[in-house]
K.L.:
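Provided herewith is a single structure, encoded as structure tokens, for subsequent inquiry.
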Amino acid sequence: MSREIVYLNGEFLPADQARISVFDRGFLFGDSVYEVIPYYRGVSFRLEQHLKRLGHSLAALRIPLALDWPGVLNELVALNGGGNLSVYLQVTRGDAGRRTPVYDDSMHPTCFACCNPIRDIYAAGPDGIEGIAVLVTADLRWHRCDIKANGLLPNILVLQQAREAGAQEALMIREGILTEGGSSNLFLVKCGVLYTPKLSSEILGGTTRELVLELAREAGIPYQETDLSYENLLDADEVWISSSTRAVVPVLEVDGRPVGAGVKGPLWRRMFELFSQFHHRLMTGEN
Ligand code: PDD
């Protein structure tokens with residue numbers, strides 16, 4: 001069996017040989033940001049959009065970084081056999097040599113990337129995608145959720161809470177307004193119109209969210225980016241979540257109650273079809 005190859009600070013090496021300092025600020029303070037990018041048959045999906053968001057996160061943390069990420073990631077994917085992979089990349093502020101909250105410009109960022117096999121959801125087709133149940137719970141995160149930061153403890157806790165309640169994702173709500181899932185964005189459908197929370201520092205600007213809206217625009221599906229309440233969610237005809245490795249997933253149950261008819265909805269099927277066509281164009285080099 002071949003060993004997984006990871007990237008760390010300029011080197012490609014087996015995962016069990018990669019080492020970082022115990023004084024790395026990513027480890028000590030969560031002073032770091034990350035991205036998760038799907039690759040299908042070795043081809044990246046929305047790499048440019050992910051790297052743009054990485055740039056936004058790094059700028060927010062004032063971490064300077066000039067790295068040829070496309071070159072690094074494409075080589076990493078090739079070294080791990082191509083195929084269907086999600087690539088994880090993380091940039092921390094680096095090793096401060098001791099534990100101190102202050103930092104200065106002399107620090108060298110730690111750059112890490114690794115791969116994980118993923119299922120080809122497009123090969124599975126709409127009937128191969130399982131609908132999920134969600135739990136709605138309080139959003140306990142900070143107010144810079146637009147930064148894809150590694151401090152994911154609230155996300156981990158709400159996901160665990162959801163799992164213990166028999167659900168697969170948690171949707172978070174703050175001051176009566178739904179924000180997003182623990183690791184996904186939220187969409188709902190009412191009377192043929194698609195709704196999603198508007199971009200703000202309370203949510204992550206999902207690359208998949210952006211693609212859903214792009215495809216909806218092209219296909220003439222009406223949509224609105226707006227505040228959504230718990231009542232809107234319970235009253236929805238369809239609810240979806242979106243994320244890079246899952247594309248769009250139908251939510252069939254909210255807090256134990258069926259969404260609409262309790263089955264995958266027609267607009268979700270249409271959107272999944274639009275994603276499949278987009279994916280096909282990417283695979284055949286038409287995009
Ligand atoms: N998470 N919101 C949150 C809080 C997320 O963690 C994610 C993705 C998204 C969707 O973003 P995108 O469509 O760009 O994947 C929204 C990744 C997949 C993760 O943490 O594993």
Side-chain angles (χ1 to χ4, degrees), residues 26 30 32-40 44-58 60 69 73 84-91 112-119 121-122 132 134-163 168-174 177-188 194 196-216 225 228 239-249 251 271-272 274-275 278-279 282:
S32 58
V33 299
Y34 76 105
E35 283 294 327
V36 178
I37 306 148
Y39 276 69
Y40 297 102
S44 66
F45 193 89
R46 308 291 274 180
L47 179 59
E48 200 186 314
Q49 287 77 4
H50 283 278
L51 293 180
K52 188 170 161 224
R53 186 172 62 195
L54 178 68
H56 169 76
S57 300
L58 289 170
W69 275 115
L73 298 185
N84 303 318
L85 296 167
S86 81
V87 172
Y88 173 83
L89 76 81
Q90 180 173 353
V91 181
F112 169 68
C114 64
C115 298
N116 263 307
I118 50 167
R119 186 166 88 119
I121 45 179
Y122 301 104
I132 63 165
V134 298
L135 174 89
V136 181
T137 188
D139 193 338
L140 302 174
R141 300 174 302 163
W142 67 337
H143 293 279
R144 287 306 307 272
C145 297
D146 56 308
I147 302 171
K148 199 160 171 60
N150 283 95
L152 290 172
L153 199 48
N155 310 57
I156 288 169
L157 293 182
V158 295
L159 179 62
Q160 190 57 26
Q161 194 190 345
R163 293 179 79 90
Q168 289 78 44
E169 175 63 301
L171 292 180
M172 295 177 282
I173 189 159
R174 201 196 300 264
I177 307 294
L178 292 159
T179 52
E180 60 186 331
S183 62
S184 57
N185 289 113
L186 166 67
F187 288 86
L188 57 86
L194 186 58
T196 193
K198 60 180 187 290
L199 289 181
S200 74
S201 56
E202 307 293 315
I203 70 166
L204 184 73
T207 57
T208 320
R209 175 190 179 282
E210 194 183 0
L211 183 56
V212 168
L213 298 183
E214 225 173 276
L215 294 174
E225 298 172 84
L228 297 169
V239 177
W240 318 335
I241 58 158
S242 70
S243 83
S244 288
T245 48
R246 292 171 292 183
V248 276
V249 178
V251 174
M271 185 51 70
F272 187 82
L274 294 171
F275 264 73
F278 180 88
H279 171 260
L282 185 73

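In this text the structure is predicted, and so the values were computed from the model without any measurement. FYI, side chains are in, hydrogens and waters are out, and symmetry mates aren't considered; it's all heavy atoms of this structure. Note that ligands are numbered from 1 as they come in the structure, with each ligand's atoms numbered from 1 the same way.
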K.L.:
Counting C-beta onward and ignoring hydrogens, is there a side-chain heavy-atom pair between Tyr34 and Leu152 closer than 4.5 Å?
P.N.:
yes
K.L.:
The test is side chain to side chain contact (heavy atoms under 4.5 Å, CB included); show your working for Asp146 and Ser201 and say whether it passes.
P.N.:
CA-CA 5 Å; Asp146 56 308; Ser201 56; 3.6 Å; yes
K.L.:
If the cut-off is 4.0 Å to any non-hydrogen atom of Arg53, which atoms of ligand 1 fall inside it?
P.N.:
11 (O), 12 (P), 14 (O)
K.L.:
Mind checking whether Tyr40 and His279 have parallel, tilted or perpendicular rings, split at 30° and 60°?
P.N.:
perpendicular
K.L.:
To the nearest 0.5 Å, what is the distance between CG (Asn116) and CG (Leu85)?
P.N.:
8.0 Å
K.L.:
What atoms of ligand 1 come within less than 4.0 Å of a heavy atom belonging to Ser244?
P.N.:
12 (P), 13 (O), 14 (O), 15 (O)
K.L.:
Looking at Arg209 and Glu225, is any side-chain nitrogen of the basic one under 4.0 Å from a carboxylate oxygen of the acidic one?
P.N.:
yes
K.L.:
Is the shortest distance from a Lys or Arg side-chain nitrogen in Glu35 or Arg53 to a carboxylate oxygen in the other one below 4.0 Å?
P.N.:
yes
K.L.:
Tell me: protein heavy atom nearest atom 10 (C) of ligand 1, and distance?
P.N.:
Asn185 OD1, 3.6 Å
K.L.:
For ligand 1, is any non-hydrogen atom under 4.0 Å from Cys145's backbone (N, CA, C, O), its side chain (CB onward), both, or neither?
P.N.:
neither
K.L.:
Which atoms from ligand 1 have a heavy atom of Glu180 less than 4.0 Å away?
P.N.:
2 (N), 3 (C), 4 (C), 16 (C)
K.L.:
Identify the closest protein heavy atom to atom 6 (O) of ligand 1: which residue and atom is it, and at what distance?
P.N.:
Ser183 CA, 3.4 Å
K.L.:
Does even one non-hydrogen atom of Gly182 get within less than 4.0 Å of ligand 1?
P.N.:
yes
K.L.:
May I ask whether Val36 places a heavy atom under 4.0 Å from ligand 1?
P.N.:
yes
K.L.:
Does Glu210 come within less than 4.0 Å of ligand 1, judged by its heavy atoms?
P.N.:
no
K.L.:
Show which atoms of ligand 1 fall inside a sub-4.0 Å distance from at least one heavy-atom site of Leu204.
P.N.:
2 (N), 3 (C), 5 (C), 7 (C), 9 (C), 11 (O), 16 (C)
K.L.:
For Lys148, is the nearest heavy atom under 4.0 Å from an atom of ligand 1?
P.N.:
yes
K.L.:
Would the number of heavy atoms belonging to other residues, nucleotides or ligands and lying under 6.0 Å from CZ of Arg163 be above 12?
P.N.:
no
K.L.:
Please list, in number order, the atoms of ligand 1 under 4.0 Å from a heavy atom of Gly206.
P.N.:
11 (O), 12 (P), 13 (O), 14 (O)
K.L.:
Within less than 4.0 angstrom of ligand 1, does Tyr34 place any heavy atom?
P.N.:
yes
K.L.:
Could you tell me if the side chain of Pro197 sits less than 4.5 Å from the side chain of Ile177, heavy atoms only?
P.N.:
no
K.L.:
Compute the minimum heavy-atom distance from Gly181 to ligand 1 and say whether it is under 4.0 Å.
P.N.:
yes
K.L.:
Any N/O of Ser242 closer than 3.5 Å to an N/O of ligand 1?
P.N.:
no
K.L.:
Less than 4.0 Å between a side-chain N and a carboxylate O, is that true for Glu180 and Arg141?
P.N.:
yes
K.L.:
Provide, to 0.1 Å, the distance between atom 13 (O) of ligand 1 and the closest protein heavy atom, together with that atom's residue and name.
P.N.:
Thr208 OG1, 2.5 Å
K.L.:
Where do Glu214 and Arg46 land on the salt bridge (Lys or Arg N to Asp or Glu O under 4.0 Å) test, with the steps shown first?
P.N.:
CA-CA 12 Å; Glu214 225 173 276; Arg46 308 291 274 180; 2.9 Å; yes
